[in-house]
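Heads up: the structure comes next, in structure tokens.
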Amino acid sequence: MNQPPFIAVEGPIGAGKTTLSTMLSQELGLPILKEIVEENPFLGKFYENIDEWSFQLEMFFLCNRYKQLEDTGIQYIANNQPVISDYHIYKNMIFAQRTLKGVKREKYRQIYHLLTDDLPKPDVIVYIRASLDTLLRRIAKRQRSFEQGMDTAYLEQLILDYDEAMAAIAEREPDTTIITIDGDTIDFVENREQFDEIATRLKELIHERIQHT
Ligand SMILES: Nc1ncnc2c1ncn2[C@@H]1O[C@H](COP(=O)(O)OP(=O)(O)OP(=O)(O)O)[C@@H](O)[C@H]1O
Ligand SMILES: Nc1nc(=O)c2ncn([C@H]3C[C@H](O)[C@@H](CO)O3)c2[nH]1
């Protein structure tokens, strides 16, 4: 438990993970693991037809995140270097449980465990919760063409899935610190004081862990 933390920023689509993790990495001087979005060949097709493309897309995300954690994440952690990531590997499961069905879901689950069970898991999660209205506004603001026709029910369901997943992690992994941020009322982009509060909390956590190492 007492080692420099592996910090993940999590939350549903458009919650502000990339924005917050980038700001935190600059403020705290930490390396960042960023999700690869633009080079994903399946994302556009997936939003046009989820049932047809979900297995390809979930496998792509899983392999990408596995490779990134294997290539770089593990090195930081082995060198006692705190690191920040704009996803938790468990994110794969949150999405896959929603988008895959039957045999494919079971096959995916087996591959997921095979690849990820021995990977380091974040010990601090900054979880950004936000309402459907806020997420829709942010998705519209970002203007990724393939997301503009996203089914509102899908996004609404993911909000619930994320709440459930965070509650399950809290129960299963009591040593994981979860800092929950209400993305509807806390604006870390426009309000410097609110951002500083989050950054200070993380600085304290890093300090505590390093002192105990
Ligand atoms: N607190 C905020 N206030 C205003 N705009 C914000 C805030 N947080 C994020 N945004 C804007 O909302 C959009 C989505 O943010 P971002 O890309 O960081 O979300 P994300 O959670 O990483 O999304 P994804 O799930 O797709 O990876 C961006 O245009 C960003 O500038
Ligand atoms: N189905 C599915 N599984 C994932 O693991 C996953 N991770 C991210 N995304 C979608 C959300 C944004 O549109 C976009 C950028 O985050 O990609 C995912 N979609």
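Note that ligands are numbered from 1 as they come in the structure, with each ligand's atoms numbered from 1 the same way. The figures here come from the full heavy-atom set of this structure, side chains too, leaving out hydrogens, waters and symmetry mates.
- Taking only non-hydrogen atoms, the option from Phe46, Tyr47, Phe42 nearest to atom 10 (C) of ligand 2 is Tyr47.
- With hydrogens left out, the protein atom closest to atom 15 (C) of ligand 2 is Arg144 NH1, 3.5 Å, a heavy atom.
- Phe95 CD2, 3.2 Å is the protein heavy atom nearest to atom 2 (C) of ligand 2.
- Below 30°, between 30° and 60°, or above 60°: for Tyr112 and Tyr108 the angle between ring planes is below 30°, a parallel geometry.
- The pair Glu27-Arg192 meets the salt-bridge criterion, since a charged nitrogen lies less than 4.0 angstrom from a carboxylate oxygen.
- The shortest N or O to N or O distance between Lys91 and ligand 1 is not under 3.5 Å.
- Atom 13 (O) of ligand 2 has as its closest protein heavy atom Glu147 OE2, 2.4 Å.
- Remark: ligand 2 and Glu35 share an N or O pair separated by less than 3.5 Å (distance only, no angle test).
- Remark: ligand 2 atoms within the under-4.0 Å shell around heavy atoms of Tyr154 are 1 (N).
- Using cut-offs of 30° and 60° for the angle between ring planes, the Tyr127 and Tyr162 rings count as parallel.
- In the vicinity of Arg144, heavy-atom distances shorter than 4.0 Å reach the ligand 1 atoms 26 (O).
- Of all atoms in ligand 1, numbered sequentially from 1 with element shown, those under 4.0 Å from a heavy atom of Asp187 are 1 (N), 2 (C), 3 (N).
- Among all non-hydrogen protein atoms, the one lying nearest atom 6 (C) of ligand 2 is Phe61 CE1, 3.3 Å.
- Considering backbone and side-chain atoms alike, Thr99 places every N or O at 3.5 Å or more from each N or O of ligand 2.
- Of the candidates Lys17, Arg142, Met23, it is Arg142 that places a heavy atom closest to atom 26 (O) of ligand 1.
- Checked by distance only, ligand 2 and Arg65 come closer than 3.5 Å through their nitrogen or oxygen atoms.
- Below 4.0 Å from some heavy atom of Lys141 lie the following atoms of ligand 1, by number and element: 4 (C), 5 (N), 6 (C), 11 (C).
- Using bins of under 30°, 30° to 60° and over 60° for the plane-to-plane angle, the ring pair Phe146/Tyr47 lands in the parallel bin.
- Close approach of ligand 1 to Gly16 (heavy-atom distance below 4.0 Å) involves ligand atoms 8 (N), 9 (C), 15 (O), 16 (P), 18 (O), 19 (O), 20 (P), 21 (O).
- With respect to atom 3 (N) of ligand 2, the closest heavy atom belonging to the protein is Glu58 OE1, 2.7 Å.
- Between Glu147 and Arg142 there is a salt bridge, with a side-chain nitrogen of the basic residue lying less than 4.0 Å from a carboxylate oxygen of the acidic one.
- Counting heavy atoms under 4.0 Å from ligand 2, residue Leu57 touches it through the side chain alone.
- Using a 4.0 Å cut-off between charged side-chain N and carboxylate O, Glu35 and Arg65 make a salt bridge.
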